[in-house]
Amino acid sequence: MAWSPRRSAGRRLQLPLLCLLLQGATAILFAVFVRYNRETDAALWHWGNHSNADNEFYFRYPSFQDVHAMIFVGFGFLMVFLQRYGFSSVGFTFLLAAFALQWSTLIQGFFHSFRGGYILVGMESMINADFSAAAVLISFGAILGKTGPVQLLLMALLEVVLFGLNEFVLLSLLEVKDAGGSMTIHTFGAYFGLILSRVLYRPHLEKSKHRQGSTYHSDLFAMIGTIFLWIFWPSFNSAPTALGDGQPRTALNTYYSLAASTLSTFALSALVGGDGRLDMVHVQNAALAGGVVVGTSAEMMLTPFGALAAGFLAGAISTLGYKFVTPILESKLKVQDTCGVHNLHGMPGVLGALLGSLVAGLATSEAYGDGLESVFPLIAEGQRSATSQAMHQLFGLFVTLTFASVGGGLGGLLLRLPILDSPPDSQCYEDQIYWEVPGEHEHLAQGSQETETQA
Amino acid sequence: MAWSPRRSAGRRLQLPLLCLLLQGATAILFAVFVRYNRETDAALWHWGNHSNADNEFYFRYPSFQDVHAMIFVGFGFLMVFLQRYGFSSVGFTFLLAAFALQWSTLIQGFFHSFRGGYILVGMESMINADFSAAAVLISFGAILGKTGPVQLLLMALLEVVLFGLNEFVLLSLLEVKDAGGSMTIHTFGAYFGLILSRVLYRPHLEKSKHRQGSTYHSDLFAMIGTIFLWIFWPSFNSAPTALGDGQPRTALNTYYSLAASTLSTFALSALVGGDGRLDMVHVQNAALAGGVVVGTSAEMMLTPFGALAAGFLAGAISTLGYKFVTPILESKLKVQDTCGVHNLHGMPGVLGALLGSLVAGLATSEAYGDGLESVFPLIAEGQRSATSQAMHQLFGLFVTLTFASVGGGLGGLLLRLPILDSPPDSQCYEDQIYWEVPGEHEHLAQGSQETETQA
Amino acid sequence: MAWSPRRSAGRRLQLPLLCLLLQGATAILFAVFVRYNRETDAALWHWGNHSNADNEFYFRYPSFQDVHAMIFVGFGFLMVFLQRYGFSSVGFTFLLAAFALQWSTLIQGFFHSFRGGYILVGMESMINADFSAAAVLISFGAILGKTGPVQLLLMALLEVVLFGLNEFVLLSLLEVKDAGGSMTIHTFGAYFGLILSRVLYRPHLEKSKHRQGSTYHSDLFAMIGTIFLWIFWPSFNSAPTALGDGQPRTALNTYYSLAASTLSTFALSALVGGDGRLDMVHVQNAALAGGVVVGTSAEMMLTPFGALAAGFLAGAISTLGYKFVTPILESKLKVQDTCGVHNLHGMPGVLGALLGSLVAGLATSEAYGDGLESVFPLIAEGQRSATSQAMHQLFGLFVTLTFASVGGGLGGLLLRLPILDSPPDSQCYEDQIYWEVPGEHEHLAQGSQETETQA
């Protein structure tokens with residue numbers, strides 16, 4: 001290791017101290033502010049007249065567990081594709097998400113469920129906390145391999161606050177619909193990460209080029225992540241939607257959108273691939289764009305055809321993004337996007353916001369009947385026209401892009417603090433800086449000796 | 001690559017064009033025919049008097065998600081055991097199932113839920129569409145490694161139609177019970193694939209023999225598939241059964257049947273293994289036979305003992321099949337069955353059909369009480385005796401074998417079209433024909449250079 | 001292989017015969033004793049007046065499926081970390097758990113649901129049977145790599161009986177609360193396995209030292225196990241708790257406890273690690289201690305802060321255990337604990353029992369309201385004070401440690417029978433003794449030739 005002893009000593013204590021500080025502060029804030037909500041508290045639940053079957057738990061917990069699997073298994077393993085960064089990918093996902101869900105309980109709680117001086121937690125807050133962690137992990141994807149765990153925790157600390165604020169502006173102030181988070185989660189997380197990556201631009205990243213690829217088995221590990229994200233995405237989009245028809249409609253639309261994005265991904269991947277061959281990067285990522293693109297509109301009367309069309313378009317755009325946009329982002333805009341989150345979350349997220357605006361603008365009381373109240377309460381109550389709702393949706397996208405850009409910029413400045421644990425250019429995408437790595441790995445790591453000495 | 005430039009160019013466009021064509025046609029048919037059903041549509045659901053908790057979603061969605069995991073994680077990874085065919089196994093599973101579930105929505109919809117000119121979709125149609133994909137993936141298992149993605153999509157196009165037709169004859173015309181699909185899914189999928197493999201018989205497949213084995217890690221990846229299939233099989237069999245007692249009884253019977261097939265698999269594997277050692281192929285596959293064998297009877301009053309006995313028998317037969325039947329199938333009947341679907345789905349499926357007939361024949365109004373109506377409505381209403389139901393069940397098996405054989409034959413003729421993307425004998429079980437494979441794989445692929453030049 | 005032909009022949013038949021014997025005996029006992037319970041039986045369920053939605057299945061099945069995934073995916077893959085013992089880890093987990101859940105149906109049934117000469121089975125018995133399998137797998141972790149499958153099945157045969165007896169004493173006689181099993185599952189399973197490992201102490205285990213480590217990819221496989229255990233643990237602890245507020249409160253407390261144990265694990269791992277680096281062993285295991293430590297108290301009014309504090313402490317103690325306690329256990333107490341179950345299940349289990357006693361002792365009718373009845377029925381009915389309940393909880397811990405120690409001792413004596421399939425010291429942690437291993441593995445197994453000849 002080429003780290004000087006002094007920096008090593010600093011690094012040795014930075015991560016433990018930051019973890020302890022963040023966990024300690026969170027615990028104290030929990031002690032002061034966080035309480036069980038009515039459906040989770042023994043005394044409150046048993047007060048009043050209702051059946052146990054009425055408890056929200058039975059309507060949302062299975063979906064929550066699917067979301068939970070997506071955050072930790074899905075995101076974690078999707079990023080294992082790098083040949084020498086598997087421990088960090090799955091390990092830092094674990095650390096970041098475990099912190100973000102606690103911190104987000106506080107932030108989102110202040111914005112959404114602050115009652116009588118207390119933040120009330122239960123099934124919905126758990127789903128929302130996991131959603132916040134998803135945004136953090138999307139940003140992580142943009143800077144994967146180029147940042148240390150201390151940097152990442154600081155990013156999460158900042159991002160969760162801005163995520164909560166943006167979400168509050170959209171859902172509570174603008175009363176925009178965005179159940180599956182095309183805007184609040186995907187667009188926000190992607191552009192936050194991309195701007196942050198721009199600020200952290202490394203002109204000499206080619207020194208770690210040889211570690212930036214995948215291996216046969218690391219690609220198979222990544223497919224575990226892909227498939228778990230894919231199968232559970234219907235639960236992701238439907239977890240927070242209205243009970244009754246809202247949840248099944250959202251799940252069904254997402255199901256078909258993903259199926260279509262899978263076919264368009266295979267089509268485009270073979271079309272643009274060398275010799276007509278398929279590219280695992282496309283399959284691992286672009287096939288998921290169908291879930292992103294209906295994040296806003298899946299709870300609406302999108303129609304099954306609409307879901308197929310949206311998914312098809314998203315898969316195609318995402319695949320073309322990997323082929324043509326990512327290289328330009330790096331060469332022209334100096335944005336190094338390790339996982340291609342611009343293709344999976346950025347463009348499909350923006351597209352999803354536009355689609356949501358369109359479908360909202362087409363809402364009629366014929367199509368929704370008495371169900372209009374639960375999807376567009378302001379339209380049902382006559383406070384907004386469908387067109388006005390569509391305009392609000394568009395404005396929500398603008399707000400999100402603003403928050404994400406400013407936040408990502410601030411995050412980048414924060415992460416550039418020289419005392420942090422940023423790896424040198426020659427040691428990017430490398431587990432050994434942060435992890436004890438078993439010896440067998442050595443034989444894969446040809447040439448690591450040389451790169452280390454020049455660091 | 002030994003592909004001539006002309007064929008390469010053809011291949012380059014075949015897969016993209018077929019994907020685009022299939023997806024485009026499906027989308028147009030969706031636009032014309034597919035609508036949300038009552039429980040998924042905003043206007044329809046809010047019309048009438050019921051609670052949100054009555055929505056079918058809350059009774060079936062968790063089981064659907066388990067089935068969904070089985071299709072994409074279970075089948076996908078189970079087939080990753082081949083050392084150089086992991087991308088194709090998990091990738092083509094992804095592509096095939098994503099197409100099959102859309103196409104099956106249309107086919108099954110025409111047969112089962114065509115109302116007023118529209119196909120109505122919701123939770124049940126999603127479960128059924130995934131079931132149809134399962135049959136396609138079972139057939140895929142028989143020809144794994146010997147067919148290209150264009151061939152596979154054409155197979156799915158044909159098989160989904162015949163699957164839907166056979167299912168319609170059994171469930172709607174013959175009024176046969178087959179919730180977990182011992183007949184409609186396992187027997188149909190297996191014999192369709194086996195006959196198809198027979199038509200595609202390759203006398204010189206030994207040219208790819210060196211790639212037909214597994215590696216240590218590919219076997220562990222395959223175990224991911226096995227275990228996810230195993231744990232979620234109770235949900236597979238119970239997903240479409242009657243609400244109330246039907247679902248828990250089906251799940252419980254499947255749970256015990258699988259446990260017993262696991263023990264008999266280990267017993268028989270060690271008994272027939274060289275030096276008393278266990279064989280991963282048996283554990284990966286035969287331990288699942290307990291799920292197949294109760295596919296018809298698990299919703300009936302099979303009794304917990306009956307479940308254990310059935311599972312035990314299925315695990316034993318399946319293991320012995322791998323040892324003794326598969327070699328004979330290849331040498332005498334010229335059926336090359338890559339995954340041994342005859343052992344996992346074929347024989348246990350037929351056995352499950354026979355068991356279902358037996359248990360149906362033993363049905364009495366004492367054993368089922370008022371529950372007879374939901375399991376055997378025709379017996380409860382006096383339109384059929386138990387013996388007559390048993391005979392219908394048997395006839396259902398006969399119909400299934402007929403449809404599967406004719407369909408597999410037709411499928412084989414279709415897939416033999418010389419313009420398709422069939423790999424040469426020396427390039428079977430090889431990802432590199434269809435995928436960009438990362439360089440590290442090269443060092444595993446000793447001798448690939450030579451085999452390629454002789455192709 | 002250095003096994004003499006005679007031992008080989010014995011070994012060849014031992015495993016098949018034991019599997020057949022155990023499965024045969026279990027099936028006969030099922031035929032005599034096991035019947036569907038009211039919610040699973042067609043006749044019983046349809047007798048009386050209730051809606052299908054009242055069936056317990058809809059309240060507990062999704063949680064059961066999560067538990068089922070933890071047992072087979074979680075435990076199975078967590079133990080795959082050993083470089084040459086992956087087949088055995090996941091395979092023997094499969095075999096042991098498939099047997100234990102059947103056997104436990106009988107044992108727990110006799111103790112808990114024996115009515116009119118019959119054991120009644122349904123959703124709750126399935127959850128409990130899986131819980132019993134969890135205890136067996138925890139003990140397996142202590143002796144992983146040092147025992148053959150025949151030994152393991154005999155251990156399960158004994159352990160399930162003692163598990164059922166201990167559970168009966170705690171839950172039915174002492175009326176102790178322990179929904180998530182800090183005592184009955186984790187403490188019992190850990191100390192049973194540790195005492196058993198002590199009796200099987202191998203002074204010359206260093207002969208297999210070179211196989212005791214992990215490889216890069218075996219560590220990633222193990223992370224699959226870790227993450228599935230982590231995400232589904234809220235379901236594990238809440239699966240058997242009271243309907244209504246009990247399940248969401250238990251799930252929420254477990255969720256936060258696990259998040260905190262993850263942060264303390266990362267903090268302590270970096271603090272004690274060489275050069276400040278993180279250790280995968282800690283992340284794979286200690287991050288889970290938060291689930292263990294709230295196994296007793298999560299259903300109580302622990303408060304979200306209490307959950308964070310408990311998880312934090314458990315993660316820290318567990319990590320420190322791996323660093324400082326495990327080496328002492330081996331060198332001073334001659335306890336060789338392959339997976340470190342003392343750190344993950346032993347110490348956090350005892351801590352969880354103490355925490356449960358504390359939280360029970362603090363129970364007031366203000367905090368629980370009318371919900372006191374469902375958490376502490378004896379306190380609600382005035383038969384016990386909170387302090388008395390706390391004392392009973394403590395006594396439950398004492399009883400558990402006694403049963404575990406005596407049982408582990410007996411188990412050790414049983415497993416030392418020389419006719420069993422114990423591997424020689426030089427062949428521990430090695431799949432090839434029990435499994436056909438594909439050839440590619442050979443090149444990893446440098447030096448295996450030598451070790452085999454000296455065995």
Side-chain angles (χ1 to χ4, degrees), chain A residues 53-54 58-59 62 66 83 213-217 219-220 223-224 227-228 230-232 235 243-245 247-249 251-252 255-256 258-260 262-264 266-268 270-271 273-280 283 287 301 303-305 308-309 312 366-372 374-375 444, chain B residues 1 8 11-13 15-16 19-20 22-23 26-27 30-31 34-36 39-47 52-53 55-58 61-62 65 68-69 72-73 76-77 80 86-87 90-91 94-95 98-99 101-102 121-123 126 149 217 221 224 434-441 444:
Chain A
D54 296 336
Y58 302 105
F59 297 93
D66 294 346
Q83 59 186 280
S214 61
T215 66
Y216 194 64
H217 281 162
D219 268 329
L220 286 174
M223 277 303 285
I224 297 174
I227 299 287
F228 274 100
W230 198 90
I231 59 173
F232 288 144
S235 299
L243 300 187
D245 59 301
Q247 291 195 299
R249 186 171 56 254
L252 185 140
Y255 173 78
Y256 285 119
L258 285 161
T262 303
L263 263 86
S264 62
F266 274 83
L268 272 290
L271 204 58
D275 217 12
R277 290 194 222 168
L278 296 159
D279 190 327
M280 257 296 163
V283 173
M301 288 293 285
T303 79
F305 163 75
L308 288 185
F312 181 85
E366 285 72 43
Y368 291 80
D370 290 349
L372 191 59
S374 61
V375 182
L444 294 177
Chain B
M1 288 290 109
S8 256
R11 181 162 53 85
R12 174 179 273 145
L13 287 175
L15 180 61
C19 286
L20 295 176
L22 293 177
Q23 187 59 69
T26 304
F30 264 59
V34 178
R35 298 293 179 272
Y36 299 125
E39 315 224 315
T40 315
D41 186 278
L44 297 178
W45 175 252
H46 286 268
W47 197 81
N52 281 328
N55 197 298
E56 191 185 27
F57 180 80
Y58 302 105
Y61 186 67
Q65 272 297 0
H68 212 39
F72 290 88
V73 181
F77 278 91
V80 171
F87 287 12
V90 74
F94 198 13
L95 174 64
F99 167 64
L101 65 86
Q102 297 179 57
V121 293
M123 213 37 54
M126 288 165 70
H217 281 163
F221 278 114
I224 296 174
Y434 308 108
W435 297 86
E436 303 280 352
V437 174
E440 183 250 14
H441 185 46
L444 294 177

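Remember, predicted model here, so these are calculated numbers, not experimental data. Below, chains carry the letters A, B, ... as their sequence lines are ordered, and counting in each starts from 1.
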inquiry  = Among A/Ala367, A/Ala309, A/Gly244, which residue has the highest count of heavy-atom pairs closer than 4.5 Å to chain B?
reply    = A/Gly244

ask   = Is chain B contacted by the side chain of A/Ala251, its backbone, both, or neither, given a heavy-atom distance below 4.5 Å?
value = both

query = In terms of heavy-atom pairs under 4.5 Å, which option from B/Gly76, B/Ala31, B/Ala69, B/Pro62 contacts chain A the most?
reply = B/Ala31

query = Non-hydrogen atoms of chain B under 4.5 Å away: do they reach the side chain of A/Ser235, the backbone, both or neither?
reply = both

A/Leu278, part contacting chain B, at a heavy-atom distance under 4.5 Å = both

request  = Name the option with the most non-hydrogen atom pairs under 4.5 Å to chain B; the candidates are A/Ala53, A/Gly213, A/Ala259.
outcome  = A/Ala259

ask   = So which part of A/Ala270 gets closer than 4.5 Å to some heavy atom of chain B, the side chain, the backbone, both or neither?
value = both

request  = Kindly say whether A/Thr303 contributes a backbone atom to a donor-acceptor pair with the side chain of B/Tyr36 at under 3.5 angstrom?
outcome  = yes

request  = Name the option with the most non-hydrogen atom pairs under 4.5 Å to chain B; the candidates are A/Ile224, A/Leu268, A/Asp54, A/Asp279.
outcome  = A/Ile224

key: Part of A/Phe59 lying under 4.5 Å from any heavy atom of chain B   = both

message = Can you confirm whether A/Leu252 sits close enough to B/Met126 that some side-chain heavy atom of one is under 4.5 Å from a side-chain heavy atom of the other?
response = yes

ask   = Checking heavy atoms, do the side chain of B/Phe87, its backbone, both or neither come under 4.5 Å from chain A?
value = both

query = So, A/Ser214 and A/Asp219: side-chain donor and acceptor under 3.5 Å apart, yes or no?
reply = yes

Heavy-atom proximity to chain A below 4.5 Å, by part of B/Phe30 = both

inquiry  = Can you tell me which of B/Val73, B/Leu20, B/Thr26 forms the most heavy-atom pairs within a distance under 4.5 Å of chain A?
reply    = B/Val73

inquiry  = Test your reading of the model: is there a side-chain donor-acceptor pair from A/Tyr216 to the backbone of B/Gly86, 3.5 Å cut-off?
reply    = yes

Among A/Phe312, A/Tyr58, A/Phe232, residue most engaged with chain B (heavy-atom pairs, under 4.5 Å) = A/Phe232

ask   = Counting only N and O atoms by type, is there a donor-acceptor contact under 3.5 Å from the side chain of A/Tyr368 to the main-chain atoms of A/Met301?
value = yes

task = Give a yes or no on whether the backbone of A/Ile231 and the side-chain of B/Gln65 come within a donor-acceptor separation of less than 3.5 Å.
result = yes

task = Mark yes or no for whether A/Asp275, through its side chain, and A/Arg277, through its backbone, hold a donor-acceptor pair below 3.5 Å.
result = no

request  = Output the distance between atom CZ (A/Phe266) and atom CG (B/Leu95), rounded to the nearest 0.5 Å.
outcome  = 5.0 Å

ask   = Is chain A contacted by the side chain of B/Trp435, its backbone, both, or neither, given a heavy-atom distance below 4.5 Å?
value = both

key: Which of A/Gly369, A/Ala267, A/Ser264 touches chain B most, by non-hydrogen pairs under 4.5 Å   = A/Ala267

ask   = Taking the side chain from B/Asn55 and the backbone from B/Glu39, do they hold a donor-acceptor pair closer than 3.5 Å?
value = yes

query = Tell me, do A/Met223 and B/Phe94 make a side-chain contact under 4.5 Å, heavy atoms counted?
reply = yes

